[in-house]
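Counting starts at 1 for both ligands and their atoms, following the listed order. For this chain, numbers begin at 1 and follow the sequence in order.
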Amino acid sequence: MSDHDKKFFDNFLLIIGVMVFVTLMLFLLAQSMSEDTQEQWTKQDPAFKAATEARLKPAGYAVKTGDAEPVAAAAVAAVEVEQAPRSGADVFNEACAACHVAGVAGAPRLGDTAAWTDRIAKGRDTLVEHAIKGFAGSAGYMPAKGGRMDLSDADTAAAVEYMMEKGQ
Ligand code: HEC
């Protein structure tokens, strides 16, 4: 390598080195700026936070028999979607029949007047509330909305009314 080439090569490496350094500095500068801007204005934004929380929310929860009041009633309300109301019989067949026809796990059977008299005496509103929020009684555990969190409150109430009618 001639002296001239060596000098060129040294300068060339130096310039490349300086350029890499400048790139790194710009990168770090951009990062520290985004911490004050992006983080503050995007991630702290209540709408952004709410959306993140909604995405992280558990899809369900477990409750043991004997728990007084199943948790996550608020979560249940939030999951609710607008739907056209359906008939109580339809909702019952779709979401409640699995337990309430055969009497699975102590569920009062549809049309079993003996099993329903005392329950009907609690009043329609109490039964609807128990069906929507879940209910742990002496017979067993009634999961909120029969485990069908996609049911609207109105549909669940219609199913309860249908069950009360058949239980009289
Ligand atoms: C996984 C089984 C299961 C499913 C599904 C189910 N239930 Fe129940 N349900 C029960 C059990 C068990 C009880 C009895 C709880 C007790 O009194 O100890 C019960 C009790 C009830 C009661 C009486 C509550 C009270 O206060 O006496 C109503 C009303 C009721 N269910 C409505 C519904 C409706 C409406 C659906 C469908 C949306 C449904 N259930 C789906 C198991 C179920």
Side-chain angles (χ1 to χ4, degrees), residues 27 30-168:
F27 178 73
Q31 270 210 328
S32 78
M33 273 169 68
S34 89
E35 259 161 39
D36 295 339
T37 53
Q38 156 107 354
E39 295 236 336
Q40 197 142 339
W41 303 115
T42 310
K43 294 188 182 160
Q44 313 275 312
D45 180 39
F48 181 88
K49 278 186 164 174
T52 308
E53 257 155 44
R55 279 199 305 278
L56 295 178
K57 203 168 51 195
Y61 51 87
V63 193
K64 301 192 303 287
T65 311
D67 282 358
E69 179 88 342
V71 272
V76 175
V79 167
E80 216 160 282
V81 267
E82 300 263 333
Q83 282 170 331
R86 284 178 295 165
S87 85
D90 284 351
V91 178
F92 176 84
N93 288 327
E94 193 189 303
C96 324
C99 294
H100 283 279
V101 166
V104 173
R109 300 206 330 264
L110 185 75
D112 180 351
T113 40
W116 278 99
T117 312
D118 287 352
R119 296 184 193 274
I120 290 171
K122 297 188 210 174
R124 180 246 181 220
D125 290 350
T126 306
L127 293 186
V128 167
E129 195 191 322
H130 287 169
I132 290 173
K133 293 189 177 164
F135 174 67
S138 51
Y141 176 65
M142 160 71 204
K145 293 186 177 177
R148 281 283 307 271
M149 298 320 235
D150 57 311
L151 284 183
S152 70
D153 288 359
D155 283 351
T156 311
V160 173
E161 278 161 8
Y162 172 75
M163 292 162 95
M164 291 176 73
E165 214 173 276
K166 296 280 172 183
Q168 268 159 11

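- Nearest non-hydrogen protein atom to atom 15 (C) of ligand 1 is Gly140 O, 3.5 Å.
- Residue Met163 places a heavy atom less than 4.0 Å from ligand 1.
- Only the side chain of Leu151 comes within 4.0 Å of ligand 1, judged by heavy-atom distances.
- Heavy-atom distances between Ala98 and ligand 1 stay at or above 4.0 Å for every pair.
- Using a 4.5 Å heavy-atom threshold, the side chains of Glu129 and Thr126 count as separate.
- Between His130 and Phe135, the ring planes lie parallel to each other; the angle is under 30°, not in the 30° to 60° tilted range.
- At distances below 3.5 Å, not a single donor-acceptor pair connects side-chain atoms of Asp90 with backbone N or O atoms of Arg86.
- Closest protein heavy atom to atom 37 (C) of ligand 1: Cys96 SG, 1.9 Å.
- Of the protein's non-hydrogen atoms, the one nearest atom 25 (C) of ligand 1 is Lys122 NZ, 3.0 Å.
- Considering only non-hydrogen protein atoms, atom 29 (C) of ligand 1 sits nearest to Leu127 O, 3.8 Å.
- Under a 4.0 Å criterion applied to the non-hydrogen atoms of His130, ligand 1 contributes the atoms 25 (C), 26 (O).
- When hydrogens are left out, the protein atom nearest atom 21 (C) of ligand 1 is His100 CE1, 3.5 Å; that is the closest non-hydrogen contact.
- Looking at Leu151 and Val91, their side chains come closer than 4.5 Å, going by heavy atoms from C-beta outward.
- When every heavy atom of Gln168 is checked against every heavy atom of Thr113, the shortest pair comes out as O-CG2, 3.2 Å.
- Nearest to atom 12 (C) of ligand 1 by heavy atom, out of Gly146, Cys99, Ala105, Ala102, is Ala105.
- Nearest heavy atom pair, residue Tyr141 against residue Gly134, reads OH-CA, 4.5 Å.
- The atoms of ligand 1 that sit less than 4.0 Å from any heavy atom of Val160 are 35 (C).
- In terms of protein heavy-atom proximity, atom 22 (C) of ligand 1 is closest to Trp116 CH2, 4.1 Å.
- One distance of note links CE of Met164 with CZ of Arg119; it measures 12.0 Å at 0.5 Å rounding.
- Salt-bridge formation is not detected for the pair Lys166/Asp112: no Lys NZ or Arg NE/NH1/NH2 atom is positioned less than 4.0 Å from an Asp or Glu carboxylate oxygen.
- Of all atoms in ligand 1, listed by their number and element, those nearer than 4.0 Å to a heavy atom of Ser138 are 18 (O).
- Every atom of ligand 1 is numbered from 1 in the order shown, and the set under 4.0 Å from a heavy atom of Lys145 is 38 (C).
- Closest approach of Lys122 and Leu127 over heavy atoms only: CD-CD2, 4.3 Å.
- Closest heavy-atom approach to atom 14 (C) of ligand 1 among the candidates Ala159, Pro108, Gly137: Pro108.
- By the 3.5 Å distance cut-off applied to N or O atoms, Tyr141 is not counted among the residues near ligand 1.
- Looking only at protein heavy atoms, the nearest one to atom 17 (O) of ligand 1 is Arg119 NH1, 2.6 Å.
- For atom 39 (C) of ligand 1, the closest heavy atom belonging to the protein is Met142 CE, 3.1 Å.
- Trp116 places no side-chain N or O within donor-acceptor distance of the main-chain N or O of Glu165, the cut-off being under 3.5 Å.
- Between the side chain of His100 and the backbone N or O of Ala107 there is no donor-acceptor pair closer than 3.5 Å.
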